Amino acid sequence: MNKKCPKCGYEIQDGDQFCINCGYKISQNNKEKLKSMKNEKTEDNSTKSKKQPIKRMKVLEATSSDLYSEQPQEFWKKKSFWGIIVAIALVVLIIRANTLPKGYSNPNDVMEYCMKRNGLLNGMQNTAQAQRSIANSYGAYGFFDEDNANTDRWQLLKNKKTKRYVFRYSYDGESIPSYVVMVEYQNGLSQLYITPVNRGHIAGIFKDQVSQEYINKHFPADQYIGYSNDNLEDMDIKLEPHIHEKDHGKDWVWYDSSRNE
């Protein structure tokens, strides 16, 4: 087929290197086409090469974001796990700290234990004459009467909340679960014989002239188990060794020195 000159449109024959009308070099046209083809290929390659790093960057960004999102999640999972463990441990400690020991369930066992540990209470199991002598030596004149069979003399307090004989007592900044024996004194005041349930350095405490309001606040009881002087005498309990009276301040305190002797 006859071809036309790309410049002037004049018909040229196959093999012509120049247009006889305008002198356009036919071979130059072919080279330019080849060149344009090469340029198109290079452009395609360059665009591909430029697009590939962008895709790779997007992939890297996606993976890195996943890593960053996973790390905080793992961190908070571990933190929340240990937080739960610590919270459970604190709850257990609080429950243990606020839980009272059961102690003896039989009131006679409680009284015998208290006489073994509380020096003044132990001395009260003697005869009425000896009891009056002990009371007078402490200045408690008129404390005893002649009715040694009076079962209202010594009263073991029963905890209103737990229905047992143990109360929480705070002494000198220390929480001490204790048994409490009360004796009505005079003018609406009472005496308390407080004996720690657990064997520790404090063996017994005696509080004098205690109001009923104080007793109701610190030792709320719904029952008072009564004992007479004769009841205590019949028990015939010996004071445990190493129990010594060392404090004659506001409260009389007996200490167990067995660990130091």
Side-chain angles (χ1 to χ4, degrees), residues 98-128 130-132 134-135 140 143-171 174-186 188-200 202-241 243 245 251-256:
N98 293 320
T99 301
L100 289 171
K102 292 183 177 180
Y104 291 110
S105 59
N106 187 297
N108 292 338
D109 293 337
V110 175
M111 292 298 294
E112 291 179 1
Y113 172 81
C114 290
M115 283 194 291
K116 289 178 182 179
R117 303 286 293 174
N118 196 304
L120 186 57
L121 183 61
N122 180 271
M124 300 306 174
Q125 68 177 322
N126 300 316
T127 61
Q131 291 172 359
R132 282 193 294 271
I134 293 172
F143 180 72
F144 294 97
D145 56 20
E146 297 299 331
D147 185 9
N148 289 332
N150 179 14
T151 54
D152 291 334
R153 170 62 65 191
W154 307 92
Q155 298 181 8
L156 174 64
L157 276 61
K158 191 172 186 180
N159 195 313
K160 185 177 182 179
K161 183 177 180 180
T162 63
K163 307 301 180 183
R164 302 186 73 88
Y165 301 101
V166 183
F167 294 84
R168 185 172 301 284
Y169 176 63
S170 296
Y171 181 78
E174 183 179 359
S175 179
I176 308 175
S178 304
Y179 300 116
V180 181
V181 177
M182 182 188 76
V183 175
E184 294 181 359
Y185 185 36
Q186 58 185 3
L189 300 177
S190 301
Q191 295 177 332
L192 296 181
Y193 298 79
I194 302 170
T195 306
V197 175
N198 300 321
R199 296 173 183 269
I202 296 179
I205 301 172
F206 171 76
K207 294 182 71 70
D208 194 15
Q209 298 186 13
V210 181
S211 67
Q212 189 62 43
E213 289 77 14
Y214 179 91
I215 296 173
N216 293 337
K217 179 180 179 181
H218 296 280
F219 308 108
D222 64 348
Q223 189 176 359
Y224 296 78
I225 312 299
Y227 289 85
S228 66
N229 293 342
D230 291 339
N231 293 143
L232 269 63
E233 183 181 1
D234 292 340
M235 290 181 181
D236 191 22
I237 303 298
K238 300 298 182 182
L239 186 68
E240 286 185 355
I243 303 300
E245 182 185 355
D251 301 325
W252 299 351
V253 183
W254 280 261
Y255 293 96
D256 187 348

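Computed from a prediction, not measured in an experiment: that's the story for all the values here. Side-chain atoms are counted along with the backbone in the values below, which use heavy atoms only and exclude waters and symmetry mates.
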Checklist entry - Checking D152 side chain against G226 main chain: does a donor-acceptor pair fall under 3.5 Å? => result no
Checklist outcome for this item: In this structure, OH of Y169 is separated from CD1 of I176 (nearest 0.5 Å) by 7.5 Å
Item to check | Whether N216 side chain and Q212 backbone form a donor-acceptor pair below 3.5 Å | outcome: yes
Checklist entry - If we only count heavy atoms from C-beta on, is the L157 to N159 side-chain gap below 4.5 Å? => result no
Checklist outcome for this item: Rounded to the nearest 0.5 Å, the CG atom of L100 sits from the NZ atom of K102 at a distance of 12.0 Å
Checklist entry - Is the side chain of R168 donor-acceptor paired with the backbone N or O of P177 at a distance under 3.5 Å, no angle test? => result no
Item to check | Sequence neighbours excluded - salt bridge (charged side-chain N to carboxylate O under 4.0 Å, His left out) pairs with any residue from residues 206-220 | outcome: K207-D251
Item to check | Worked check of ring pair (Phe, Tyr, Trp, His ring centres under 6.0 Å) between F206 and W254 | outcome: CA-CA 9 Å; F206 171 76; W254 280 261; 7.2 Å; no
Checklist entry - Is there a side-chain contact (heavy atoms from CB on, under 4.5 Å) between S178 and T195 once you walk through the steps? => result CA-CA 5 Å; S178 304; T195 306; 5.9 Å; no
Next on the checklist: With side-chain contact (heavy atoms from CB on, under 4.5 Å) as the criterion, how do M182 and F219 come out once you've worked through the C-alpha distance, each side chain's angles and the decisive distance to 0.1 Å?
Outcome noted: CA-CA 10 Å; M182 182 188 76; F219 308 108; over 6 Å; no
Checklist entry - How long is the span from the CG atom in N122 to the CG atom in L239, to the nearest 0.5 Å? => result 5.0 Å
Item to check | Stepwise side-chain contact (heavy atoms from CB on, under 4.5 Å) test for L156 and M111 | outcome: CA-CA 8 Å; L156 174 64; M111 292 298 294; 4.2 Å; yes
Next on the checklist: When you compare the side chain of L232 with that of M115, does any pair of heavy atoms fall below 4.5 Å?
Outcome noted: yes
Checklist entry - Is any side-chain heavy atom of R199 less than 4.5 Å from a side-chain heavy atom of E240? => result yes
Next on the checklist: Minimum heavy-atom separation for P101 and V197, please, with both atom names.
Outcome noted: CG-CG1, 4.3 Å
Checklist entry - Would you say D256 and R117 make side-chain contact, with heavy atoms under 4.5 Å? => result yes
Item to check | Reported CZ-to-NZ distance for the pair F167 and K160, which is rounded to 0.5 angstrom | outcome: 11.0 Å
Checklist entry - What is the distance from atom CD1 of I202 to atom CG of N118, rounded to the nearest 0.5 Å? => result 11.5 Å
Checklist entry - Can you check whether V183 reaches R153 side chain to side chain, under 4.5 Å on heavy atoms? => result yes
Item to check | Y255 side chain vs G204 backbone, donor-acceptor pair below 3.5 Å | outcome: no
Checklist entry - Do Y227 and N108 have side-chain heavy atoms sitting under 4.5 Å apart? => result yes
Checklist entry - Does the side chain of D230 come within less than 4.5 Å of N150's, by heavy atoms? => result no
Checklist entry - Between S190 and E184, what is the shortest heavy-atom contact and its length? => result OG-CA, 3.8 Å
Checklist entry - Which value, rounded to the nearest 0.5 Å, describes the distance between C114 atom SG and M235 atom CE? => result 10.0 Å
Checklist entry - How far apart are the closest heavy atoms of A203 and P196, and which atoms are they? => result O-CD, 3.4 Å
Checklist entry - Heavy-atom distance under 4.5 Å between the side chains of I215 and L192, does that happen here? => result yes
Next on the checklist: Going by side-chain hydrogen bond (donor to acceptor under 3.5 Å, both in side chains), name the residues that satisfy it together with N231, two or more places apart in sequence or in a different chain.
Outcome noted: S228
Next on the checklist: Please confirm whether the ring centroid of Y165 lies under 6.0 Å from the ring centroid of Y179.
Outcome noted: no
Next on the checklist: Evaluate M124 against W154 for side-chain contact (heavy atoms from CB on, under 4.5 Å), listing each step before the verdict.
Outcome noted: CA-CA 10 Å; M124 300 306 174; W154 307 92; 3.3 Å; yes
